[in-house]
Amino acid sequence: MQSYRCRVCRGIHPLRKCRQFRRLSAEKRLRAVLANRYCPRCLAHVHSDGSCRRGDRCKTCGQDHHTLLHLSESPISSRQSRPANRRSQDTVATPRPSSAAPRPSSTAPRASSDTPRHSSAARPGTQPTAVTAPSLSSLLQRHSVNILPTALVRIHTGTQSFDTAALIDPCTPMSCIDASLAAAFRLPTTNVGGEQICSATIGSKIDSAVRLDVVFKIEPRVRIRTPVRELSDAVRAHFRDITLADERFYRPASISVILGADMYPRVIRPGFRKIDDGLPVTQSTIFGWIVSGACHQP
């Protein structure tokens with residue numbers, strides 16, 4: 001019988017017999033399987049779950065994952081989806097990547113800040129369109145604009161690479177991605193505890209040595225709008241002497257990828273700058289400097 005080297009402990013045995021692997025919690029076992037490219041259904045190392053021909057299912061819940069990966073309590077509780085959902089309630093913009101199939105290694109266009117204008121005069125025989133009241137977010141940002149920390153990242157799927165923007169958010173417990181974007185990138189998904197997850201490798205556009213293996217929770221809708229309006233040239237001029245993680249941070253766009261608290265310690269680097277009162281601050285990361293905070297402008 002042929003044996004293969006275990007990718008967890010480097011011993012010669014199947015993963016399911018690895019003592020080090022079995023001592024891990026179910027959540028850490030799941031991360032180890034996805035990060036080391038094992039099949040989450042049968043723990044084989046020579047194919048992905050998409051080509052697995054074994055009909056084995058979890059003996060605890062009956063879903064299509066190995067029993068060793070069953071989570072007795074879902075580590076991704078409803079609390080976890082709230083940050084993404086809460087942010088998305090006030091935004092109606094389309095995500096930065098195009099709804100069409102994304103082009104490999106090309107930066108997806110940012111959503112336009114312009115909206116079509118409609119005539120105020122009602123056509124004969126039609127009802128006048130109701131005027132939508134401004135949102136609380138827009139009212140609170142009449143004289144200041146809140147900037148969320150974003151970075152342009154490169155997502156490697158194993159066969160292709162795609163450039164997109166990601167929010168760096170330590171308040172989101174687990175990294176997540178919009179379901180439509182995961183489908184567009186053709187990321188292999190796995191059902192765990194009634195939820196879908198996928199894995200990918202994240203790279204930096206400024207440092208080719210950066211490689212992060214990330215497990216994403218797939219959310220039905222991740223649409224985070226930042227900023228609400230474009231910043232002035234005078235504000236942007238304060239950040240021209242540093243390498244920015246997102247050179248277009250000043251332009252309104254919708255973000256559909258979040259690198260959460262699980263990735264935050266691996267993303268942040270030493271270095272913090274506060275330029276002046278009324279301006280956002282900057283923090284050094286593996287992707288470059290991220291810009292965040294309130295920006296006061298007339």
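Note: hydrogens, waters and symmetry copies are ignored here, and every other heavy atom, side chains too, is used. One-based numbering along the sequence shown.
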Checklist entry - Under the 6.0 Å and 45° cation-pi test, does R154 pair with F162? => result no
Next on the checklist: What I'd like to find out is whether the side chain of L15 reaches to under 4.5 Å of the side chain of V8, using heavy atoms alone.
Outcome noted: yes
Checklist entry - What are the two closest heavy atoms between N146 and T226, and how far apart are they? => result O-OG1, 4.0 Å
Checklist outcome for this item: For P265 and A261 the tightest heavy-atom approach is CD-O, 3.3 Å
Item to check | Pairs where residues 282-293 contributes a residue and the test salt bridge (charged side-chain N to carboxylate O under 4.0 Å, His left out) is met, not counting sequence neighbours | outcome: none
Item to check | Lys/Arg-Asp/Glu bridge criterion (N-O < 4.0 Å) met for R221, D178 | outcome: no
Checklist outcome for this item: When every non-hydrogen atom of L167 is compared with those of P149, the smallest separation belongs to CD1-O, 3.1 Å
Item to check | Any donor-acceptor N/O pair, H65 side chain to N191 backbone, under 3.5 Å | outcome: yes
Checklist entry - Just wondering, do I258 and C176 contact through their side chains at under 4.5 Å, heavy atoms? => result yes
Checklist entry - H156 and S161: side-chain donor and acceptor closer than 3.5 Å? => result yes
Tell me which donor-acceptor pairs under 3.5 Å the side chains of residues 278-291 have, and how far apart each pair is, sequence neighbours excluded?
unit_1, atom_1, unit_2, atom_2, d
Q283, NE2, R269, O, 2.8
Q283, NE2, G271, O, 2.9
T285, OG1, F287, N, 3.0
T285, OG1, G288, N, 3.3
T285, OG1, G288, O, 2.6

Item to check | Presence of salt bridge, R31 and D262, under 4.0 angstrom | outcome: yes
Item to check | Under 3.5 Å: donor-acceptor pair, side chain of R29, backbone of L69 | outcome: no
Checklist outcome for this item: Exactly one candidate in I202, V210, L212 meets side-chain contact (heavy atoms from CB on, under 4.5 Å) with R266; the answer is L212
Next on the checklist: Tell me the closest heavy-atom pair linking S144 and H296, and the distance in Å.
Outcome noted: CB-ND1, 3.4 Å
Item to check | Residues D241, R273: salt bridge by 4.0 Å N-O rule | outcome: yes
Checklist entry - Given side chains that start at C-beta, do those of I197 and I218 come closer than 4.5 Å, heavy atoms only? => result no
Item to check | Side chains of T150 and D246, donor plus acceptor under 3.5 Å | outcome: yes
Checklist entry - Quick one: does T67's side chain have a donor or acceptor within less than 3.5 Å of a partner on C58's backbone? => result no
Item to check | F239/F249 aromatic ring centres below 6.0 Å | outcome: yes
Item to check | Side-chain donor or acceptor of R22 paired with backbone N/O of R16 under 3.5 Å | outcome: yes
Next on the checklist: For a 4.5 angstrom cut-off between non-hydrogen side-chain atoms, does V145 reach E230?
Outcome noted: no
Checklist entry - Do you know which two heavy atoms are closest between C6 and C18, and how far apart they sit? => result SG-SG, 3.8 Å
